[in-house]
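Reading through the structure tokens given below for one structure.
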Amino acid sequence: MVRRNPQKAERRGETPVASQAVAEPLLRAPKGTRDLLHPASARFRALGDVFARVANGAGYGQVILPMFEHVEVFHRLGEATDVVTKEMFEFDDRGGRRLALRPEQTASAVRAFVENRPMLPWKAWYAGPNFRAENVQKGRYRQFDQVGVEVLGLDDALIDTEVIALAWDFFRTLGLRDMTLLVNSLGDAGDRARYVDALREYFNSRAAELSEQSRETLARNPLRVLDSKRREDASVVAEAPLLADHLSEAAAEHFARVQDGLRAVGVPFTVSPRLVRGLDYYVRTTFEIQSSALDAAQSAIGGGGRYDGLVEQLGGDPTPGIGFALGVERTLLACDAEGAFTLGETGVDVFVVDTTGGLEALTLTHELRRAGVAADRAFENRSMKSQMKAADRSGARFALLVGTDERDAGEVTLRDLRSDTGQLRVARTDVLDAVKKALA
Ligand code: HAM
């Protein structure tokens with residue numbers, strides 16, 4: 001794993017870890033949030049651009065959803081879900097309506113689908129922040145971004161494969177290699193209910209051996225006990241009944257077809273019979289992509305699955321659905337660890353250094369910008385030395401120098417800042433052409 005030097009990492013645009021201040025001074029970013037300054041912000045945005053390209057290129061269209069909803073929209077995610085019961089940021093608006101910042105976007109997307117009735121199948125992608133009042137650690141924040149897709153109206157195992165492969169290929173496009181794809185089937189709604197009963201019975205029979213937290217979870221949602229990473233639960237969890245033994249024939253066939261599809265497109269996977277995800281709406285296919293470059297507790301860089309009953313729960317006609325969401329911060333942390341998705345040059349093309357008072361820099365930068373050349377300058381009539389330092393910091397490839405000499409001769413000096421190829425005097429009237437030629 002690459003060792004992190006915070007200052008160098010910042011210059012490379014690596015992703016800063018969220019504020020973890022326990023005592024929260026009021027004028028600092030709230031716990032679990034963080035500021036993204038350039039160039040980390042440029043890399044963050046570049047990741048979103050790559051995702052948009054990948055998703056658009058597969059026939060998905062963007063949906064932009066509200067960041068808060070009536071709290072009822074999220075309650076449909078299941079009262080047994082921590083995300084809903086413990087982690088939601090809820091508030092009343094001035095009209096007394098109970099609202100919540102979205103903890104994820106699937107519920108909002110489904111709400112939007114029911115409300116707007118787009119043509120079927122609806123293949124949508126999204127990007128943006130989500131909010132969960134979590135215990136903050138590296139890779140686990142209170143405001144975090146996701147990119148994701150949702151497909152509504154297709155009951156075909158091969159769309160499950162498409163969705164999973166899209167997530168996988170996106171990560172590969174970023175340059176990630178140390179990843180594992182886990183897939184599982186939770187069966188259809190009936191299988192799932194039967195399995196939950198069997199699990200409840202089993203865990204109850206061994207409740208005395210379970211940790212106190214798992215006994216509590218058991219009362220709410222036996223499936224989540226399978227998720228326990230606590231050592232004292234390990235042997236009980238290892239011997240728990242398997243969902244694979246409770247799958248109906250149709251669900252087993254669906255799952256087999258998803259796997260055949262993954263083999264056909266060359267996406268490596270591991271069937272993980274104990275993969276249960278944190279949200280309650282899943283049936284049949286579920287999956288998670290983990291990065292071995294991250295700590296186990298935060299290693300999931302993305303996940304998703306089928307949620308065939310959710311549209312009905314949100315007031316629509318029965319409509320199958322499947323999707324995924326990928327955590328942007330965790331993905332960038334995984335990229336940092338693997339040395340992947342590094343930022344290219346982010347500087348301007350040209351920096352104008354003007355020691356004649358600043359008016360030349362004003363007109364030159366504007367001419368350049370209007371011609372589509374990224375240009376910057378210094379202000380406050382600083383010394384030549386100070387302006388040259390600013391030019392270096394700007395990352396510009398070229399400096400345009402205007403001193404009294406140049407001004408009196410009606411010329412400027414074009415200097416290459418990245419190599420020692422010297423400099424060139426050009427007529428003021430030919431500057432644009434000279435710069436464009438040099439950049440080309
Ligand atoms: P999720 O597993 O809760 O699923 O979140 C998806 C990804 O978001 C996680 O794998 C992780 O990378 C990231 N993530 C979640 N919580 C945090 C956090 N507190 N801090 C940083 N990153 C986090 C969903 O949200 C579902 N809506 C996915 C889905 C879409 N299923 C069907 N369609």
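Start at 1 with the first residue, then count along the sequence. All ligand and atom numbering here is 1-based and tracks the order in the structure.
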Could you tell me the residue and atom name of the protein heavy atom closest to atom 4 (O) of ligand 1, and the distance to it rounded to 0.1 Å? R277 NH2, 3.0 Å
Within 45° cone of Y141 ring axis and under 6.0 Å: R34 NZ or CZ: yes
Considering heavy atoms of the protein only, find what lies nearest to atom 32 (C) of ligand 1 and give residue, atom and distance to 0.1 Å. G323 O, 3.3 Å
Near I301, which atoms of ligand 1 are under 4.0 Å from a heavy atom of that residue? 10 (O), 12 (O)
Check whether any side-chain heavy atom of Y202 lies under 4.5 Å from a side-chain heavy atom of D197, and answer yes or no. no
Closest to atom 26 (C) of ligand 1 (heavy atoms only, candidates F324, Y281, Y141) is Y281
May I ask you to decide whether R206 forms a salt bridge with E239, counting only side-chain N to carboxylate O separations under 4.0 Å? yes
Could you check whether any heavy atom of G302 sits closer than 4.0 Å to an atom of ligand 1, since that is the contact criterion I want to use? yes
For R140, counting its heavy atoms only, list the atoms of ligand 1 lying under 4.0 Å from any of them. 19 (N), 20 (N)
Output the list of atoms in ligand 1 that are nearer than 4.0 Å to some heavy atom of E134, sorted by atom number. 16 (N), 18 (C), 19 (N)
State whether the side chain of R284 and the backbone N or O of D188 hold a donor-acceptor pair below 3.5 Å, judged by distance alone. no
What protein heavy atom lies closest to atom 31 (N) of ligand 1? Include the residue and the distance to one decimal. Y282 OH, 2.6 Å
Could you tell me whether a side-chain N or O of T365 sits under 3.5 Å from a main-chain N or O of L362, the two making a donor and an acceptor? yes
Check D191 against A251 and note the closest heavy-atom contact, atom names and distance. OD2-CB, 3.4 Å
Q146 to ligand 1: N or O pair under 3.5 Å? yes
Option nearest atom 12 (O) of ligand 1 (shortest heavy-atom distance, choices A133, A300, A109): A300
List the closest protein heavy-atom neighbour of atom 27 (N) of ligand 1: residue, atom name, distance to the nearest 0.1 Å. E104 OE1, 2.5 Å
Could you say whether the N/O atoms of A325 and ligand 1 ever approach to under 3.5 Å? no
Given L154 and V151, is the side chain to side chain contact (heavy atoms under 4.5 Å, CB included) satisfied, shown in steps? CA-CA 7 Å; L154 287 178; V151 180; 3.8 Å; yes
Considering the heavy atoms of T106, write down every atom of ligand 1 situated less than 4.0 Å from one of them. 26 (C), 27 (N), 29 (C), 30 (C), 31 (N), 32 (C), 33 (N)
If you measure every N or O of Y126 against every N or O of ligand 1, does any of those distances drop under 3.5 Å? no
Would you say Q105 has any N or O atom under 3.5 Å from an N or O of ligand 1, going by distance alone? no
How close does the nearest protein non-hydrogen atom get to atom 14 (N) of ligand 1, and which residue and atom is it? F144 CE1, 3.5 Å
Which residue and atom name correspond to the protein heavy atom nearest atom 33 (N) of ligand 1, and how close is it? E150 OE1, 2.9 Å
Pull out every atom of ligand 1 sitting under 4.0 Å from any heavy atom of G139, numbered as shown with elements. 20 (N), 21 (C), 22 (N)
So among F170, F171, F341, which one has a ring pair (Phe, Tyr, Trp, His ring centres under 6.0 Å) with F51? F170
D145: which residues meet the salt bridge (Lys or Arg N to Asp or Glu O under 4.0 Å) condition with it, sequence neighbours left out? none
Could you tell me whether the side chain of N184 and the main chain of P273 form a donor-acceptor pair under 3.5 Å? yes
If you measure every N or O of E329 against every N or O of ligand 1, does any of those distances drop under 3.5 Å? no
With a 3.5 Å distance limit and no angle check, can you tell me whether E69 reaches the backbone of R111 through a side-chain donor-acceptor pair? no
Of the protein's non-hydrogen atoms, which lies at the shortest distance from atom 24 (C) of ligand 1, and what is that distance? L279 CD1, 3.4 Å
Against the six-membered ring of F379, is R377 placed for a cation-pi contact (under 6.0 Å from the centre, within 45° of the normal)? yes
For atom 13 (C) of ligand 1, which protein heavy atom lies nearest, and how many Å away is it? G327 CA, 3.6 Å
Any idea which atoms of ligand 1 are less than 4.0 Å away from a heavy-atom of Y307? 32 (C), 33 (N)
With a 4.0 Å cut-off, would you call D280 and R192 a salt bridge? yes
